[in-house]
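Reviewing the structure listed below.
Atoms within a ligand are numbered from 1 in the order they appear, just like the ligands themselves.
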Amino acid sequence: MLKTIQLDDANSAVVIVDQTLLPGAVEYISLTDIRQVYEAIFKLRVRGAPAIGIAAAMGLYIHMKQQPSGDFFCEFENGRKYLSGARPTAVNLNWALGEMAAALEKNRARPVGEILVALKQTAERILSDDSRICRAIGRHGAALLKPGMGVLTHCNAGGLAASEYGTALAPVYAAQEAWVDVRVFADETRPLLQGARLTAFELQNAGVDVTLICDNMAAVVMAKGLIDVIFVGCDRVAANGDTANKIGTLMVAILAKHYGIPFYVCAPSSTIDPATATGGHIVIEERDGKEITHEWYKTPLAPENIKTFNPSFDVTPANLIAGFITEKGILQPPFSCKW
Ligand code: MRU
């Protein structure tokens, strides 16, 4: 499995696999200043809710290493705010930056060198916790799987979106380790094709039986009885259980309800945001319409200057979700501050 994100402390760099080049090329790039980290998150070179949190935490750490001590606290705040604006929907970005802020606060009275150590440890802890959490999600989710079952997934919530196992693909990997082989159907996930470019690539490399379908084929595979369960990741879960995930997820959830197929959301508990009451309060990122008309195609596939609408995420209402597979088990809303 590829290492999605690593900290190269000796060279003050965040090293990522450039996911915009996959599956054609596996290229690692070193991000050595905060603007590069921002750009990589904004352009989806690194993407997926947990991964952007990890990249931002590491990016903030390398940024602070480069600061003259006089401006340290002010620069931390500027850097934190700057990175948190890179993408609005995933709670993990702000959550990870909040963990960094808490580490700074705890060590505020110490010399800058010691604060930097605490920041580095926090960024590395976020990464290692993520991989432990993804494995636990895998264990809980795999308990729902039996040999030969058909799993549908949307977008990419695998190792490329987090660490190692990822979230929605974690049950599949955990089942595979236990010799329970399932068949996965991957929605291509227009417009940025994370399913085609990333999920298909990741699962094929892992030796999982994966079939790529266009988004508008999900109903057919369900109608044919090929799908037993649906696993998706998510970017933010509101207190009432409404869930923001990649655009197209809502469509899959509605179809799942129609065909009586259980639809599960897989996420670290840090993706649950009790401070957001309902899905209506989740800020949905809107991206450049050129992603629909131009990106990934040799020549534009739509007329010049066509009007577009390109929300990057949608919100699935809680009543369509069978459960939330987290590291703590399979949970049901509502999620209070103390859950
Ligand atoms: O725009 P992306 O590719 O960052 O969107 C990713 C998703 O929607 C994932 O399902 C979600 O972030 C969970 S990743 C473990």
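- Under a 4.0 Å N-O distance rule, the pair Glu285/Arg287 qualifies as a salt bridge.
- Taking the six-membered ring for Trp, Phe335 and Phe324 have ring centres closer than 6.0 Å.
- Residue contact check for ligand 1: Gly166 places no non-hydrogen atom closer than 4.0 Å to it.
- In Ala49, the parts holding a heavy atom less than 4.0 Å from any atom of ligand 1 are both the side chain and the backbone.
- Residue contacts with ligand 1 for Leu192 are absent, since no atom lies close enough (heavy atoms, distance under 4.0 Å).
- Remark: minimum distance from atom 7 (C) of ligand 1 to any protein heavy atom is reached at Asp235 OD1, 3.4 Å.
- For the 3.5 Å distance criterion, the side chains of Tyr61 and Gln121 fail to qualify, holding no donor opposite an acceptor.
- Remark: distances from the non-hydrogen atoms of His154 to ligand 1 are all 4.0 Å or more.
- Shortest contact from atom 14 (S) of ligand 1 to any protein heavy atom: Ala161 CB, 3.5 Å.
- At a threshold of 4.5 Å between non-hydrogen side-chain atoms, the residues Ile115 and Phe73 count as touching.
- Between Arg135 and Glu164 there is a salt bridge, since a side-chain N of the basic residue sits under 4.0 Å from a carboxylate O of the acidic one.
- The main-chain N or O of His63 is found under 3.5 Å from a side-chain atom of Gln67 such that the two form a donor-acceptor pair.
- Distance alone, capped at 3.5 Å, places no donor-acceptor pair between the Thr249 side chain and the Ile247 backbone.
- Of all the atoms in ligand 1, the ones that sit under 4.0 Å from a non-hydrogen atom of Gln194 are 1 (O), 2 (P), 3 (O).
- In terms of protein heavy atoms, atom 5 (O) of ligand 1 is closest to Lys246 CE, 3.2 Å.
- A side-chain donor-acceptor contact under 3.5 Å links Asn156 and Glu202.
- In the vicinity of Phe313, heavy-atom distances shorter than 4.0 Å reach the ligand 1 atoms 1 (O), 5 (O), 8 (O).
- Annotation for ligand 1: atoms under 4.0 Å from non-hydrogen atoms of Pro50 are 14 (S), 15 (C).
- The backbone N or O of Gly233 sits less than 3.5 Å from a side-chain atom of Asn245, completing a donor-acceptor pair.
- For atom 9 (C) of ligand 1, the nearest non-hydrogen atom of the protein is Asn245 OD1, 3.4 Å.
- Taking the six-membered ring wherever Trp is involved, the centroid distance between the rings of Tyr82 and Tyr38 falls below 6.0 Å.
- The residue Ala90 has no part lying near ligand 1, judged by heavy-atom distances below 4.0 Å.
- On a distance-only criterion, Arg87 and ligand 1 share at least one N/O pair closer than 3.5 Å.
- Closest to atom 6 (C) of ligand 1, if we only count protein heavy atoms, is Arg47 NH2, 3.5 Å.
- At a 3.5 angstrom cut-off on N or O pairs, Ser312 does not count as close to ligand 1.
- If you check which protein heavy atom lies closest to atom 15 (C) of ligand 1, you get Thr167 OG1, 3.1 Å.
- The pair Arg236-Asp273 counts as a salt bridge, with a side-chain nitrogen and a carboxylate oxygen less than 4.0 angstrom apart.
- Per-residue contacts place Leu44 under 4.0 angstrom from the following atoms of ligand 1 (heavy atoms of the residue considered): 1 (O).
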